[in-house]
Trainee: 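Take this structure first; my questions come after.
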2 protein chains.
Amino acid sequence: MSSAPERATPRSRGKAARAPLNRDAIVTAALAEIDAKGLEGLSMRRLGSALGVEAMALYHHFPSKGELLDGVMERLLAEAELPPSGSMPALERLRTFVRSYRQIAIRHPHAFVLLAVRRFNTEAAFALYERILDALDEAGFDAVHSARLFRLIGYYASGAGLAEIASRSQEPDATPVHLETFSDRQRFPRVAAVARYLRANSLDAVFEFGLDLLFDEIRKQAAVGKRGREAGSGE
Amino acid sequence: MSSAPERATPRSRGKAARAPLNRDAIVTAALAEIDAKGLEGLSMRRLGSALGVEAMALYHHFPSKGELLDGVMERLLAEAELPPSGSMPALERLRTFVRSYRQIAIRHPHAFVLLAVRRFNTEAAFALYERILDALDEAGFDAVHSARLFRLIGYYASGAGLAEIASRSQEPDATPVHLETFSDRQRFPRVAAVARYLRANSLDAVFEFGLDLLFDEIRKQAAVGKRGREAGSGE
DNA sequence: ACCTGAACACCGTTCAAGT
DNA sequence: ACCTGAACACCGTTCAAGT
């Protein structure tokens with residue numbers, strides 16, 4: 001989805017007649033590059049030549065690689081789905097959000113690391129925060145509990161996404177022991193016994209289990225103690 | 001506390017009379033470098049000169065920077081505390097583990113990212129898995145539920161650790177909007193209302209809240225449905 | 001306004017050589 | 001066995017210059 005970069009001239013096929021760059025087009029190319037070659041595979045020089053331009057041209061649109069990566073984060077975040085108020089109960093909307101957040105990791109395993117590691121400091125991130133906190137408010141939670149559940153949901157979504165990446169992708173330069181194929185029953189019998197349920201193809205079930213557990217508890221909290229149940233050590 | 005690197009000669013003070021390098025000493029220096037200057041600040045060249053050696057000497061002990069980073073991960077993991085069986089109830093031991101895992105993030109904010117982003121493929125990681133799964137077994141869970149709770153606990157621990165990093169450290173190259181000082185009540189009123197409970201100094205309370213919520217639910221599962229309650233879609 | 005070219009100060013890693 | 005030196009193929013970014 002999201003905005004397609006507009007081509008100014010109809011004759012933009014040779015690199016001579018290229019339309020002028022813009023931030024959207026650069027972010028699109030950067031995400032494609034990361035998806036294809038990994039986060040380490042993105043360099044300003046390679047990105048430039050993918051766009052038919054010298055690397056230094058990019059600095060006219062982004063002051064640094066860091067801000068370009070923030071742009072990629074915003075693009076990823078735009079793939080998160082939080083249904084509008086009224087379409088379904090608040091907690092169901094949040095559940096949908098967490099599911100869609102995990103899907104970002106599955107669709108963009110290399111780029112998702114950015115969401116886990118870099119600060120969310122962009123406008124789009126704050127707009128998303130606002131909507132999540134709105135849903136928690138709608139579910140009846142006060143500021144203290146909204147903050148706590150916001151964090152809890154975030155921890156789970158982030159951890160689940162990272163687990164997808166770790167389970168499905170291979171770090172080529174790492175020590176060669178693999179959970180997927182693990183079977184040393186002598187030394188790690190418990191790991192061997194459980195390994196088959198830890199594999200990547202079990203992650204869907206594991207994720208839904210955890211999500212149910214979390215939201216069951218959240219629902220209970222919403223029904224019982226919400227609004228005004230102070231619980232110390234706020235600041 | 002882990003092994004101190006042995007100095008072979010008593011007269012090792014000039015760089016001429018340096019004791020021969022070993023993996024432990026290199027990992028110690030690498031972690032110190034990461035703690036001091038961040039993950040991007042670690043280069044084989046700088047690490048070499050910190051050890052009084054050419055960068056290329058390190059390749060005699062580690063085949064690549066990736067395997068060195070695996071060594072740093074093992075060192076970090078050694079700081080995780082999982083009390084021995086019998087010292088306290090199994091679920092309390094796991095709770096202690098999650099708390100200590102978060103402390104790794106607080107002590108080593110830059111290096112912790114490695115634990116979140118790289119695969120755990122080392123011996124030490126598998127040994128830790130084994131002990132966690134042992135505790136879950138002791139608490140009465142079968143293989144399916146052990147796997148699910150193993151993941152759930154991992155997601156929470158990982159997410160909580162990353163939140164510590166994101167909240168406390170500053171990415172200098174990022175877009176300059178900060179939650180810590182946020183107060184745009186016009187555009188993001190809910191964020192503004194909750195911001196004070198999302199700040200870094202609230203994270204202790206938030207973490208303990210989530211931990212209680214998680215382990216309350218885990219305890220209930222252990223009491224009721226454990227051992228043999230199959231729940232579909234295993235493989 | 002938008003982009004280029006050269007340069008600066010770096011990277012990880014290979015490879016042959018030294019002791 | 002352990003380390004060095006030179007080299008290769010890269011980096012992000014600055015700066016002056018071009019159109």
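All values below were derived from every heavy atom in this structure, side-chain atoms included, with hydrogens, water molecules and symmetry-related copies excluded. Just so we're on the same page: letters track the sequence lines, and every chain starts at 1.
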Trainee: Should Arg187(B) and Glu123(A) count as an ion pair when the cut-off is N to O under 4.0 Å?
Mentor: yes

Trainee: Nearest-Å distance, CG (Leu47(B)) to C1' (dC11(C))?
Mentor: 14 Å

Trainee: Are the charged groups of Glu208(A) and Arg99(A) less than 4.0 angstrom apart, N to O?
Mentor: yes

Trainee: Please state whether the phosphate of dA1(C), meaning OP1 or OP2, lies under 4.0 angstrom from any side-chain nitrogen or oxygen of His61(A).
Mentor: no

Trainee: Please determine, for the side chain of Lys65(A), which listed nucleotide (dT13(D), dC2(C), dC3(D)) has the closest atom?
Mentor: dT13(D)

Trainee: Just jot down the side chain to side chain donor-acceptor pair (under 3.5 Å) partners of Arg190(B), sequence neighbours excluded, or say none.
Mentor: none

Trainee: Give me the atom names and distance for the closest heavy-atom approach of Arg45(B) to Ala55(B).
Mentor: CA-CB, 3.5 Å

Trainee: For DNA chain D, which residues of residues 36-46 of chain B approach it to below 4.0 angstrom with any heavy atom?
Mentor: Arg45(B)

Trainee: Taking side chain to side chain contact (heavy atoms under 4.5 Å, CB included) as the criterion, tell me which of Val72(A), Val53(A), Leu58(A) meets it with Ile26(A).
Mentor: Leu58(A)

Trainee: Report the residues that fulfil salt bridge (Lys or Arg N to Asp or Glu O under 4.0 Å) with Arg23(B), sequence neighbours left out, ordered by chain and then residue number.
Mentor: none

Trainee: Before accepting this row, confirm whether a basic side-chain N of the pair Asp134(A)/Arg93(A) lies closer than 4.0 Å to the acidic partner's carboxylate O.
Mentor: no

Trainee: Taking atom types as modelled, is there a side-chain donor on Thr28(A) or Arg75(A) under 3.5 Å from an acceptor on the other?
Mentor: yes

Trainee: Name the closest nucleotide to the Ser64(B) side chain, picking from dT13(C), dG5(C), dC3(C).
Mentor: dT13(C)

Trainee: Look at the aromatic rings of Tyr129(B) and Phe150(B) and report parallel, tilted or perpendicular, splitting at 30° and 60°.
Mentor: perpendicular

Trainee: For DNA chain C, list all stems, counting runs of three or more consecutive pairs where every pair is Watson-Crick or G-U wobble with both distances under 3.5 Å.
Mentor: C:4-8 with D:12-16, C:12-16 with D:4-8

Trainee: In terms of the angle between their ring planes, are Phe112(A) and Tyr101(A) parallel, tilted or perpendicular, with boundaries placed at 30° and 60°?
Mentor: perpendicular

Trainee: What is the separation between atom CD on Glu54(B) and atom P on dG18(C), rounded to the nearest whole Å?
Mentor: 16 Å

Trainee: What integer distance in Å separates Leu58(B):CG from dG12(C):P?
Mentor: 10 Å

Trainee: Please report the distance, rounded to the nearest Å, between CZ in Phe62(B) and P in dT13(C).
Mentor: 13 Å

Trainee: Round to the nearest Å and state the distance from Asn22(B) atom CG to dC2(D) atom P.
Mentor: 10 Å

Trainee: Round to the nearest Å and state the distance from Leu51(A) atom CG to dC2(C) atom P.
Mentor: 15 Å

Trainee: Please list, one pair per line, the donor and acceptor atoms closer than 3.5 Å that link side chains of residues 29-40 of chain B to other protein atoms, with sequence neighbours excluded.
Mentor:
unit_1	atom_1	unit_2	atom_2	d
Glu33(B)	OE2	Arg46(B)	NH2	3.3
Asp35(B)	OD1	His108(B)	ND1	3.0
Asp35(B)	OD2	His108(B)	ND1	2.9

Trainee: Under 3.5 Å between N/O atoms: give me all the protein pairs with nucleotides 14-16 of chain D, atom names plus distance.
Mentor:
none

